[in-house]
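Step one of this worksheet: look at the structure below.
These figures come from a predicted structure and were not determined experimentally. Atom set for the values below is all heavy atoms of this structure, side chains included, hydrogens, waters and symmetry mates excluded.
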Amino acid sequence: MVKSWATFGVDLHVDVTRTGSGLRKGLTDALRAAVRGGRLAPGTRLPSSRSLAADLGIARNTVADAYADLVAEGWLTARQGSGTRVAERAVVAPASAPPRPRTPGGPAYDLVPGTPDLASFPRAEWLKASRRALAAAPYDALGYGDPRGRVELRAALAGYLARARGVRADPERILICSGFAHGLMLLGSVLRQRGVGALAMESYGLDVHWKLVERAGLRSVPLPFDELGTRTEELTGGKGNGKGNGKGAAGGVGAVLLTPAHQFPMGVPLHPDRRAAVVDWARRTGGLILEDDYDGEFRYDRQPVGALQGLDPDHVVYMGTASKALAPGLRLGWLVMPPDLAAEVTAAKGGADWSCGVLDQLTLAEFITSGAYDRHVRASRLRYRRRRDLLVSALAAHAPSVTATGIAAGLHAVLQLPPGTEQSVVRAAVWQGLAVHGLTRYRHPTATAPPLDALVVGYGTPTDSGWPGALEALVRALP
């Protein structure tokens, strides 16, 4: 017979087989197998013999005898006042489990871009916001909700994005998703249903985005890049003024994905003429612009440039997340959608908000409306600016042949290297205990422009105390 129990906080499924030797042997064998296989971890307290006997519908003495057998064999321990527990011993993994690879040691410093300083996550403020949000939440907030997400968070985001990023947002046209990748998956599905065959993208970016687009059934078409940012004339068919015939190198494209405030990873903003040109292309052709504002709040030399969406909310989907300002583990992102797209994307998400935890949504809403989000962003901006300034100073003093390109913004910098040196510098960085990527890693596989030699250095991930050591190791690896 097959039974289960939940006593002393333990849920365990045990198959007690009735054999010719009786229930005692069947129970003993089942418990021994659970311990040997690791399902009952060392130190786990087992139910009392009375409780287990009642759950299994067998005599208490049968359970007590099975426990005694396993104590004698060394699988269990029994002490007065402590109950019966799994003995502290090595657990042998099942033979079918593949061995885990072991490495002698990982990198001392992680300079891979994309993650903020997680040690600076505002735990105390987040906990306060969580308590307030939970205390004020209506009972129905804990049920299956609106697929667009909680209205409290959508309203808070509408106000914040309008104030801080120049986004024209209506809570009815905001959809909460579990991060940028989830939002891109939803948009890719809708674009494919609309008959769009290709989506233009920047020639340098993240391979996970290209793969998501292609998995949705769309071609990803890379656009050329220069010192003014992505060359949108290749999309519009013109010469940068947005008045072309739509038959440029990316002709036939129905949508384009851009990071206009701070291109990742090249680090430059999209030139104003090109911003205007791509909006003009969308108006003329009915195309759609997907704006990835992944670190738009973090500009250090001036006020951040406003979101492209503010130029034309009817043709731009604004995409943002809490991953850079707070932490990627929150899995919270948002789409601000044109009116004619909102219903389709909401339908693509499903009939309920199955992907985003309600409590985290309510907490983030409270965190924003209380002003804690603004305070945290301002503090983070100062922290990351100091790190970037230290990086630039260290390059000037110890590696003058290497320059940090792009604007003073974001959580990473691109270090331009002498031609032909990228791979050797990456190898040298590994020897110095650094995890760091070369720029080649972020180049679209079908991009036609000659590759550039550079390092993409993320200065967000190390802690404040770890950054000086990471910087010393980095300059030792540079030519």
* **Sequence-distant partners of Phe180, ring-ring contact (aromatic ring centres under 6.0 Å, His included), two or more places apart** => His209
* To do: Can you sort out the partners of Phe264 under ring-ring contact (aromatic ring centres under 6.0 Å, His included), two or more places apart, ordered by chain and number?
  =>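 So Phe264 forms a ring-ring contact (aromatic ring centres under 6.0 Å, His included) with Tyr294, His412, Tyr442.
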* To do: Measure from the side-chain N and O atoms of Arg299 to the backbone N and O of Ala409, and report whether any donor-acceptor pair falls under 3.5 Å.
  => no
* From Arg231 CZ over to Asp226 CG, what is the distance, rounded to the nearest 0.5 angstrom? -> 6.0 Å
* Asked: Atom CZ of Arg387 and atom CG of Leu382: how far apart are they, to the nearest 0.5 Å?
  -> 12.0 Å
* Would you mind reporting whether Leu161 and Gln309 have side-chain heavy atoms less than 4.5 Å apart? =>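 Result no, sub-4.5 Å side-chain heavy-atom pair not found.
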* Asked: Should Glu297 and Arg165 count as an ion pair when the cut-off is N to O under 4.0 Å?
  -> no
* Structure fact -> Nearest heavy-atom approach of Arg219 to Val213 is O-CG1, 4.3 Å
* Compare every heavy atom of Tyr373 with every heavy atom of Ile368, then report the nearest pair and how far apart it is. => CA-CB, 3.9 Å
* **From Val457, Leu455, Leu471, residue fulfilling side-chain contact (heavy atoms from CB on, under 4.5 Å) relative to Leu111** => Val457
* To do: Can you tell me which residue pairs pass the side-chain hydrogen bond (donor to acceptor under 3.5 Å, both in side chains) test with a partner in residues 175-188, sequence neighbours excluded?
  => Ser178-His182
* Asked: Given the rule in the side-chain hydrogen bond (donor to acceptor under 3.5 Å, both in side chains) test, do Gln361 and Asp353 qualify, once you have shown the distances and angles that lead to the verdict?
  -> CA-CA 11 Å; Gln361 291 187 57; Asp353 189 11; 2.7 Å; yes
* Donor + acceptor pair across side chains of Gln193, Glu344 (<3.5 Å) -> no
